[in-house]
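Heavy atoms only: backbone and side chains are in, while hydrogens, waters and symmetry mates are out.
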Amino acid sequence: MVLMSEKHRFWSFIALNMDPYLTEYRYETSTTVSEIRSRYGYLNNGEEAGDIHSIAGRIMGLRRHGKIVFAVLDDGTATIQLVFRYDILGENSWKVVELLNIGDIIGVKGKPIRTLRGELSILVNELTVLSITWRDYPEKWHGLADTDKRYRLRYLDIMMNERVRKAITSMYRIEKSFRDFLDSKGFIEIHTPKLQSIYGGALARPFTTKMYSLDKTVYLSIAPETYLKRAIIANLYRVYEIAVCFRNEDIDAQHYPEFVQIEIYQAFADWNDMMKLVEEMIAYGIKNVFGDYKVEVEHNGNRIELDFKPPWRRISIEEAVENYSGIKVRGKSYEELIGIAKDLGIEVDDPRMGKIIEKIFERFAEPRLVQPTYVILYPRDISPLARPYRNDPNYSERFELFVGSLEIGNGYSELNNPIIQYYFFKKEEDLRFKSSHKFIGKAEYHPMDKDYVRALEYGMPPTAGVGIGIYRLIMVLFGLPSIKDVIPFTIVEPDEFKTIAETHNDILKHYIENLHLDKL
RNA sequence: GGGCCCGUAGCUCAGCCAGGUAGAGCGGCGGGCUUUUAACCCGUAGACCAGAAAGCUGGGCGGAGGUCCCGGGUUCAAAUCCCGGCGGGCCCGCCA
């Protein structure tokens, strides 16, 4: 089909008395393609089953051979070959077959057969056109490759790129598994506010918007953390949320300004309990989706196998640095660490020692952490919401989860002491003011959240919490290089183009006349 | 915020460095083909704008311009070189 060069095939449908929008409003299917596939696998080449089924979906492939035509139908559960034969369909239906394009939506009735070449198919004896495409689909072999078009016409990318579609559909099943798992452990999900007057739970620049009813500026949630902990204080001792978080930061392969996290909080538990819960939950989800704890993925161009079977490896951040870089960092002074970083070509102007260690860790250890690994015992000074390590207050009871060289999660024994929390907030605030990072305006500083401190003053039980980035986990599991690949729809700048109504005035007229659209 | 790369037919891309008639494959259209699965074979048109629309006609008598994302510039001559913009991607800094 070419949009502009010849008389549109639409008129051929009209000539056959088949308006693609006026003729059919629904189609009753009797089964799905994936059911047909599992049920009729036994058919031998050339064999035909007796049952008639009806299925509906989009034509994804067409091979014309004169009086026999092969098509590929995608009904959303799987794809299957359709066989159209002139001798079975007859002259009238054959005229419709000849009009079909890749991208059209049809319903068919027919018997399952296995063709002579061994392809399980539906031998069609009734064809119904349910909707048509007005635009050309990408070439079958290369698919949609232009990155601009992939994100702009994302429905095409999801439709045609198997891995992307798998990732997006599996995300639902992973999330459902997490919910099922947590439900079985007595957790409930609550929704925390996305519009907040004080943002917190992480250090990030927020989005601001205007709430007219209160005539004030409000922030979009950067994390559900402080509200879920308020829920713990409310005696909701096991809570979680699969929450969209908004952070007004730059976009890259691992970051997107709106992303989904599952945050989980469990009272009367510590970081060890949480690490155990998380590895069990993720392993459970992966087993549900992949049928195994082991998943083969693409990682830096290589096929590797990730093994999620608990328990996962644990290593302290300093140990990881020393193991992978060969550089001693334990017991070093601030000046010594700055010197080490400088020798490595790492520019750090942060007054926190932990930040320097974290930088070296990111450079040397993170790329090597491929199998699921908990990195533990983060320096206390970069963990303002975590509880100090019970055996050494220079560290915090904090862990981060790494898989496929990506940071997937972050958790800790939650700080429940309102006095220390106040002090840490105060220090964070001072730090932000002193920091050389040149954010503009006061909104970018982490505000002192006194309301949250007051909540702690009513008493919060010992609690463990965690946040796990859903998009990043899916990226790793499906070997996709960019976080945008797993986000169903991302933001794009509007472009210029013409609609069919604009290019084909005759067709627009047809509908105005047929449906009396001009009669108000 | 800093740096790099890409934008050519519906799709995937070549041509650009070393300026000189806009190319290929797929797809489209016409024909053939009842077992293909990136089907195959023969033929053919198409790149801007306008005329509602295919064919077609006009913009186009001389010159210039238009149609290689857009707009300028250099040049006898620009898809190609230079400058600016738009759209997209990647890397660094920051955030998960």
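Applying the 4.0 Å criterion to OP1 and OP2 of B:rC11, one finds that A:Lys149 has a side-chain N or O inside that range. Residue A:Lys355 places none of its side-chain N or O atoms closer than 4.0 Å to OP1 or OP2 of B:rG93. Dashed line: the shortest gap from a side-chain N or O of A:Ser482 to OP1 or OP2 of B:rC90 is under 4.0 Å. A close approach under 4.0 Å does occur between a side-chain nitrogen or oxygen of A:Lys484 and OP1 or OP2 of B:rG89.
Side-chain to base pairing of A:Asp148 with B:rG7: no donor and acceptor N or O lie closer than 3.5 Å to each other. A donor-acceptor contact under 3.5 Å is formed by the side chain of A:Glu139 with the base of B:rG25.
Comparing B:rA96, B:rA50, B:rC94 by their closest approach to the side chain of A:Lys359 singles out B:rC94. Nearest to the side-chain atoms of A:Ile483 among the listed nucleotides B:rA96, B:rG87, B:rC11 stands B:rA96. Counting only heavy atoms from C-beta on, A:Ala253 has its side chain closest to B:rC91 among B:rU35, B:rG88, B:rC91. Distances from the side chain of A:Glu407 to the nucleotides B:rG88, B:rA96, B:rC26 place B:rA96 closest. Comparing B:rG87, B:rA38, B:rU12 by their closest approach to the side chain of A:Trp141 singles out B:rA38.
Using Watson-Crick or G-U wobble geometry with both donor-acceptor distances under 3.5 Å, B:rA45 finds no partner in any strand shown. When Watson-Crick and G-U wobble pairs are counted only if both distances are under 3.5 Å, B:rC4 pairs with B:rG89.
Checking A:Asp485 against A:Tyr471 by side-chain atom types alone, no donor-acceptor pair falls below 3.5 Å. Side chain to side chain, A:Thr192 and A:Glu241 meet the donor-acceptor criterion of an N or O pair below 3.5 Å.
Stacking between A:His255 and B:rC95 is present: the aromatic ring centre lies within less than 5.5 angstrom of the base six-membered ring centre, and the two planes differ by under 30 degrees. Between A:Phe259 and B:rA96, a base-stacking contact is recorded: ring centres under 5.5 Å apart, planes less than 30° from parallel.
Between the A:Thr373 side chain and the A:Leu369 main chain, no donor and acceptor come within less than 3.5 Å of each other.
On the C1' atoms, B:rA96 is 37 Å away from B:rC13, given to the nearest whole Å. B:rG2 and B:rA78 have their P atoms separated by 34 Å, given to the nearest Å. Nucleotides B:rC5 and B:rU44, compared at atom P, are 43 Å apart to the nearest Å.
Within 4.0 Å (heavy atoms only), A:Asn410 reaches no atom of the nucleic acid at all. Counting non-hydrogen atoms under 4.0 angstrom, A:Gln261 reaches nothing in the nucleic acid.
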